[in-house]
Amino acid sequence: RSSEAEEVIGRPTKRHAGDVELVVGHYNARPEVGVKQRLDSPIIGLKAFNNWVKSVLITRFAHPALAASRTKGPRGNSGKVLDMGCGKGGDLTKWAKARIREYIGVDIAEVSVQHARHRWETLRSRPFDASFAALDCYEEPLSTAFPPEQLTTPFDVISMQFCMHYAFETSQKARRMLDNVSRWLRPGGIFLGTIPNADQLLEQLDSLPPNAEDLSFGNDVYKIRFEDRHSRPLFGHRYHFYLKDAVDDVPEYIVQWDNFVQMALEYGLSVVYKEEFHGVFEEHQDDPEFGPLMVRMKVVDSNGESAMDENQWEAANIYIAFALKKMG
Ligand code: SAM
């Protein structure tokens, strides 16, 4: 870790209220571990699979938008990317492989942002320009964190990986999030992401025994606990999420897909892709590009043996991947 990243750990962070404080506290407190320790994770297979899904999404939907960008670099690199909820910068190498020109990473968790910046600083030959900021992207406009000249050229791609669902606490937050996406994305630009699979989660809730008091389900890898069995609000439909070696009982919100699609349309964003993670696997496992990538990313070994056990495979399908295009 850089001394800058060391310095920020333990420093009191900005205060947030309610569930947001729990979410920020959780992500700020999660230690950044090195590559070696990451390989020791008990859910390394699932983490590798999630990374593979993100790589597929980026290659299929971000690459064409980046290639068509007006933002060209001197080394043939092209395109401007906003990573909203960038966390510790886990996708930086994916964007380096996509040969982008410029990257902006924002996240509400300040400690994570410091780690992401440090990760970029230590990327070999700094393959793209990057800026980072701590920002509540569901409460504040992006323009509060960056000077206008940095936002004059719109983004070609906006990515929200495993984080958009936190915006669905209220309709105001979801709208602020969509405004932050739509306002700074160029027409023809791509908005891609990964979110929990609402249908899956609600189906599992519905199949609990009728008199069950504990509204939770899962396995030794993940656990989801609802507070109420019958109410299905469009916003603020809260559950608590545990994922082994990753997320410790953090409050999250259901994203009802049709509601999201309808709202996104109001912001000029139209769906081009939506698939469950199992479906992404089935669709791409035999692909000449993404099949071998699975071996390189250690999702499967060279004999095609999966690095995930049954429980990790089940946990993988609590997510869906999506891509939307900005119209106009
Ligand atoms: N995108 C990263 C990845 O795929 O590795 C990190 C995903 S992590 C599961 C979820 C991230 O969402 C956390 O870093 C968290 O701080 C961020 N987040 C939650 N609420 C946010 C908000 N209101 N504004 C910005 N980021 C937020």
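Start at 1 and go down the list; that is how both ligands and their atoms are numbered. Numbers here simply count residues along the sequence, with the first being 1.
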Which atoms of ligand 1 have any heavy atom of [X] under 4.0 Å away?
X    : result
C163 : 10 (C), 11 (C), 12 (O)
L135 : 24 (N), 25 (C)
C86  : 2 (C)

Counting heavy atoms only, name the option from Y138, Y27, F241 that's nearest to atom 8 (S) of ligand 1. Y27

Heavy-atom nearest neighbour of atom 7 (C) of ligand 1 within options M164, Q161, K47, K54: Q161

Using only heavy-atom distances, determine whether the side chains of [X] and [Y] contain a donor-acceptor pair under 3.5 Å.
X    : Y    : answer
D245 : S41  : yes
Y253 : D19  : yes
K72  : N77  : no
E227 : H240 : yes
S131 : Q150 : yes
Q200 : Y319 : no
Y267 : D179 : no

Which residue supplies the protein heavy atom nearest to [atom], what is that atom called, and how far is it?
atom                    : result
atom 16 (O) of ligand 1 : D107 OD1, 2.6 Å
atom 10 (C) of ligand 1 : F162 O, 3.4 Å
atom 21 (C) of ligand 1 : I108 CG2, 3.4 Å
atom 2 (C) of ligand 1  : G85 O, 3.4 Å
atom 19 (C) of ligand 1 : Y166 CD1, 3.6 Å

Heteroatom distance test ([X], ligand 1): nitrogen or oxygen, under 3.5 angstrom:
X    : value
V23  : no
D83  : no
D136 : yes
C137 : yes

For R225, is there an ion pair with D249 - N to carboxylate O distance below 4.0 angstrom? yes

With a sphere of 6.0 Å drawn around NZ of K325, does it hold more than 12 non-hydrogen atoms of other residues, nucleotides or ligands? no

Do we get K80 above F155's six-membered ring, with its NZ or CZ under 6.0 Å from the centre and within 45° of the axis? yes

Between A246 and ligand 1, which residue portion shows a heavy-atom distance shorter than 4.0 Å: side chain, backbone, both, or neither? neither

